[in-house]
Engineer: 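Got a structure for you, questions after.
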Amino acid sequence: MTSATTLPEAAPTRRVRLEALRRGVTPYLLSIAGFGWLGFFFVIPLVSGLLVSLMTGNPDQGYVLTWNWSVYADLFTGPTPYWLYLVRSLTYGLSATAFTIILAFPVAYFIAFRVSARWKTTLLALVMVTFFVSFIIRTDMWFYLLGGNGPITRVLVHLHVLDHGQTFLSTPGSVIGGMVYNDFAFMVLPIYVAMERIDPRLHEASNDLFGNRANTFFRVTVPLTRSGVFSGILLVLIDTVGDPVNSSILGGKETYTIGQAIQNAYFTTQQYNVAAALSTLLMAILGIILFLYARVVGTENIEDLI
Amino acid sequence: MSADDKLNGRGALDLSFLRGAAKPRATGGGMSRRNLFRGAGAVAGAGALASVASACSIQGTQTSATAADATDWYAWWAGKKLNGQFSFDNWAAYIDQDKNGNHPSLDTFTKKTGIKVTYDDAAVTDTATYYGKIAPSLAAGKPIGADLFVMTNGWEFTELVNNGYVAALDNKLRPNFLRNADESVLSPSYDFNSTYSAVWQSGYTGIAYHSDLVDGEITSWEDLTKAQYKNQVAMFGSLDELSQVGLLVNGVTPSSSTKSDWEDAADWLTNKLSPNVKKFYDQGYLDAFKSKQMAITQAWSGDILAIQANFPKVKFVFPEEGFGVWHDNMMIPVTAENPLDAMTWINYYYQTSVASVIEDWIWYKSPVVGVREYIRKVIDDPDYVNSELAFPPSDVLARAYEYVSIKDRTTYDTYTSIFNPVVQGS
Amino acid sequence: MSDQTLTRRPTFGPGPLHPDDIPEVKPRRKLGLPLFYCGIVTFLLIPIVAMIVYSFNVPTRNAITPVWQGFTLDAYLNLFAVQGIAEAFFTSVAIAAASGLVSVLIGLPMALALSRYRFRGKGVLNSMIFLDISAPSIVVGSSALAFFLSLNFTMGWTTILIVHVAFNIAYVVTTLRARLSGMGQNLEQAAGDLGASPLVGFFTVTLPLVAPGIVAAFLLAFAMSIDDYVITSFVNGSTETFPLYAYGFTKKGMAPQVLCFGTIVFVVAVCLAFLNGLLNRRRP
Amino acid sequence: MSEAPPPSSSEAAISLRGVSRRFGDAIAVNNLELDLAQGEFFALLGPSGCGKTTTLRMVGGFELPSTGRIYLDGTDVTALPSHKRDVNTVFQSYALFPHLTVAENVIYGLRRRGTAKKEAFTRAEEYLELVGLTGFGKRRPTQLSGGQQQRVALARALVNHPKVLLLDEPMGALDAQIRKTMQTELKRIQREVGITFLYVTHDQAEAMSMADRLAVMNKGRMEDIGTPARVYDHPSTAFVASFLGSCNVLPLGTEGGPTTLPDGSATLVEGATAPATSGWSLGVRPERVNLAEAGTVSGPNATTATITDVTYLGAVSEVHLETAWGTPVQVLQQRGDAGLLVPGRQVAMSWKADECFWLPPENETPTTQEDAA
């Protein structure tokens, strides 16, 4: 042991404990406002959505919480085929997501690897430029362009691609197309960011190890952009599955989606319990899909991906 | 009856008879009142979770009905002052407009009265949706942003009245209405003595089609089920508009129809008509029709009359089985901040010269007497005056029917559960 | 690569191959992606071009038509003739700015806590943020409506702002946290070591360094907020924002003035972006 | 190098008393006792994860100890946050503020203590001169090389005249050439300013070349403390011995007494009490072993071994041998007899009694040998 000490023995004093407390409390103080806001105006509303779904009543007498779980069963067995809208929305969302990946990947790849550094920002900005125009206006312009009188339809009719009086509108194709259009940049951006992080030497290494272009692409580039693709899927799928706008503007009789059904139940029929049940169910199903995806594909750090 | 007779006859009407007598109600209001205070107390007092838990109910819309019952409407109106402004929610393309989108009649009104009008013609696209938007605010006794809105006769109209959301209109404040309102709108079936409303426009729901896109002639609703029109037909998503087609086809008078009639109608709509339907529309049908989205559409007479100048090949049909006649009504919410200003506008509108200027742009059917004459003589617009769409001959008018009439929530729930699946499709 | 070219070459034919054969393959490979990119950008720009073109087209009954009817500046000259358009536009801008500001004010400390400290409940906070991002707009909007309904709240400016902040916080925190993590904790410790209290350290070191991140987060929040239709449509009450206003026109025929607003905003935004790009390029 | 007397705690620049730091279940620093004399250049040495950086961070005020106290000039500073402590740090990554110029970086601390701007800049210029960066004040840190950045970090810390300067592996990011210059430079600067330096490193050569005293840490514990020469020549544990350069560890006590090698040869260490129990071993550094013809050496501290391999390194030759009982041994021969150093040949190896040391068993708590030895 070192020389005998004249100093008092070592146990944490009150001051040390206070200081530890002060340091321990700091992160809570910093996040209290955000926690409060998110808790009060996001988490509690989600819970209250669940509670409202378990209420019974009607707009006249009001709704009272009766823990009526059967509303969920009614979604599947009632006269209105809500299950169909749900399945339809999921199909649209998943197809739109798939198409977006297929289209966005080459675009991101082109900007990330085939273009000199000084052009990258400009080319990326051209993809992002759609954000400078209101989403509603963009979608409505497609409505006019694809309408029976619209320039696109008239050209196609002229070319005999379409019959007279036929349009692309009011079909699942036009709804999914609208979704792909509107969410395209949400997919390009994260994939591009992930690609930018790839060390170009890895491509050389792959080539060096006898990988041809395709090998390099599928064995190096694709796995390394997985996190970007995941964020893209997260953004696009979530946005498209619940979307009522594309289907309402570009859709037809057979493209009624869950988003429209929720809006309709809240505003038109004022069946608040049904609307809340639909929204809770949608949230739960999306949550399960994302969880399974994260599990199967494996994501190292889920927050890092956003 | 002379104009003065009308005025005297109705001026003597005591509005206080409305107290409690206007309509039967399922439950008393006391319970709901308590709900109101419970909700408020929870917000004020407890934390978030606590409030959600304790406020585990959404207050019903009947809450304010009691308050409305207790209202002495003469006193209510006497207590209101002119504020020099009001806001007006209306349907699209439902007031005169110059080529740049200004509304000359509103500008003139402002010039004459000093009352500024905030006119929102994007507000109403569909009755039910508009009602759904304003109901929560009205239930909470809060202003909805509009001091005057236009509401079609139908279930939502009934709801607005039953729930005490709209102010009874003091006849002393609308002498022009009493003097100039057409006989047919003075006391419509859905609003005795026009207590809560003043008609803005009436119109007919028939069929319109692009004759260049359609083979043959269409004369009836039944024609729309022909196989050759597959995916060519657009219908209204509004249940009142839709249900009446199914009922008329089956030879049923909509206003006196029963549940089994509805089921038969829905059956016809789903199995016969729906296969040909491309999409169910609200207000947006006209834009889609103009851009030839569909060849055939259920349509409102005035809209079609107005576009025929640009689309000469568009035809309008009063179907053989019968067709709908409806009334859009101006109403003032009880929570309005500028009710007297809005009332001034209603009174102002019921002048033949004013109504004529507006009518000559929107081309439906004005509730004000002398408009047709005024347009013929002063404005000189033969296209409108001579149009059968605006003024159907009496044999056609004989086939005009009012909407299905629903008086209570249970019936309404039955009604929607039968017809909603038709619209939302499968 | 070279191995394969070598082994494959003889199969092309007998005799020595001319060196020109190699560049023949290359340009095709190089043109595919650029052409694809151009195709996509064209696809993305079509509706924007349509918006600009139709804003100059002569309307019928003040609604645009997809058929060209002649050039006019009327809509631009009577920009405010369609009532409520200016109010809706400025309401949107004000809400977007306010929600961006509030989200940054709330999100920055939260991002600091998450990137600088280990503490109990951090996981909960992270999950909340993830949940916020992964909740569809329709769920966020309708839940908020359910909540406000059960509290007997009146919808309007306040509720829009509240909900916009609630969904923006997650994006702001994520952006700022990435920035703060990239910056590391060392600099703040150095400031503390040199005698700066945490507050002084924050203002003299952290803030100047994350300023670009704050601007980015604010712009992101602003953009998300100003273009939101779905969430706002649930909680707007009688307040009308620009997307809601524009949506109304999709039902009744688009007024050219709405497209004029869209065009003006687009042009201004492109100019700003271009200017910003120029400035960034000049800077070393 | 002369041996410094052990500092008494009253005049110590820093005293650590029973300082421990736990992270969850892991103990990063275990019951540390340490005293630094005024003006001393002290190096804290150890492999990564041994707790040396945590110790430094506790002294700097970035971490709070779980137990124990820290005194600065006899004052308890345990609870003080870093900005209230009169210590400054040179960070491993330098942590220069990228948004400030070099001069602004240097005056940062002075400004926080209320020094007027003008005076602060004058002082900054002095210290930039001290570290050899006159005229660099207007530049940005990113425009400087690694070595220059380090000098700025040093100036930025020293300008505040801290009671103690903490240096956290400051040379880690520098290449070997600059490292050498910086070491000399740092030592010069330390003498010039006379401030106590607490220098954390995992590089033993660096620590030994600069430090007045050093401490070796392992798994959160202090294993040895003393002057570089003492710790090198007479390390207290096998870990310390092998961490500071290479060391041959020969097992003792399997046959005969506790101080006998397996082949029966006796060992002797000058000035140390012989171990009473078995399980100890004998340490001797490769350069202290002499090789000779087999059979020419006798007495204690000698045994025979077979050469397995010889590597010629220029100044020395590295000889690998195996003892009769199978322990591999490494010997550095200054100028080997070419005839003697042939693989397969049996040779006699010996060492002096004052150049070897007894090492306690692995799991036994080491008794820190005091420098009095």
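This is a predicted model, so every value here is computed, not measured. All values below were derived from every heavy atom in this structure, side-chain atoms included, with hydrogens, water molecules and symmetry-related copies excluded. So you know, we letter chains A, B, ... as the sequences are listed, proteins then strands, and number each from 1.
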Engineer: Would the number of heavy atoms belonging to other residues, nucleotides or ligands and lying under 6.0 Å from NZ of D/Lys84 be above 12?
Structural biologist: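 Counting other residues, nucleotides and ligands, NZ of D/Lys84 stays at 12 neighbours or fewer.
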Engineer: Please answer whether the main-chain N or O of D/Ala95 pairs with a side-chain N or O of C/Asn186 as donor and acceptor at a distance below 3.5 Å.
Structural biologist: no
Engineer: For D/Asn160, which atoms come within 4.5 Å of any heavy atom of chain C: side chain, backbone, both, or neither?
Structural biologist: side chain
Engineer: Using heavy-atom distances under 4.5 Å, tell me whether D/Leu110 contacts chain C through its side chain, its backbone, both, or neither.
Structural biologist: neither
Engineer: Hey, mind stepping through C/Asp193 and D/Thr89 against side-chain hydrogen bond (donor to acceptor under 3.5 Å, both in side chains) and telling me if it holds?
Structural biologist: CA-CA 7 Å; C/Asp193 182 70; D/Thr89 312; 2.7 Å; yes
Engineer: Atom CZ of C/Arg118 and atom CZ of D/Phe23: how far apart are they, to the nearest 0.5 Å?
Structural biologist: 7.5 Å
Engineer: Take atom NZ in D/Lys187; do more than 12 heavy atoms of anything else shown fall under 6.0 Å from it?
Structural biologist: yes
Engineer: Crowded around D/Glu129 CD? As in, over 12 foreign heavy atoms under 6.0 Å?
Structural biologist: no
Engineer: Tabulate, in ascending numerical order, the residues of residues 205-217 of chain C having at least one heavy atom closer than 4.5 Å to a heavy atom of chain D, or enter 'none'.
Structural biologist: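 Heavy-atom contacts from residues 205-217 of chain C to chain D are C/Val205, C/Pro208, C/Leu209.
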Engineer: Of all the heavy-atom pairs spanning C/Ala196 and D/Arg112, show the shortest one and how long it is.
Structural biologist: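 Residues C/Ala196 and D/Arg112, closest heavy atoms: CB-CD, 3.5 Å.
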Engineer: Take D/Phe97 and C/Thr204 through the side chain to side chain contact (heavy atoms under 4.5 Å, CB included) test and state the conclusion after the steps.
Structural biologist: CA-CA 10 Å; D/Phe97 306 128; C/Thr204 54; over 6 Å; no
Engineer: May I ask you to name which of C/Gly201, C/Gly184, C/Gly192 has the most heavy-atom pairs under 4.5 Å with chain D?
Structural biologist: C/Gly192
Engineer: Are more than 12 heavy atoms, taken from residues, nucleotides or ligands other than D/His202, located less than 6.0 Å from that residue's NE2 atom?
Structural biologist: no
Engineer: To the nearest 0.5 Å, what is the distance between NE2 (D/His83) and CD (C/Gln189)?
Structural biologist: 13.5 Å
Engineer: Which region of D/Arg156, side chain (C-beta onward) or backbone (N, CA, C, O), has a non-hydrogen atom less than 4.5 Å from a non-hydrogen atom of chain C, or is it both or neither?
Structural biologist: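 Both backbone and side chain of D/Arg156 come within 4.5 Å of chain C.
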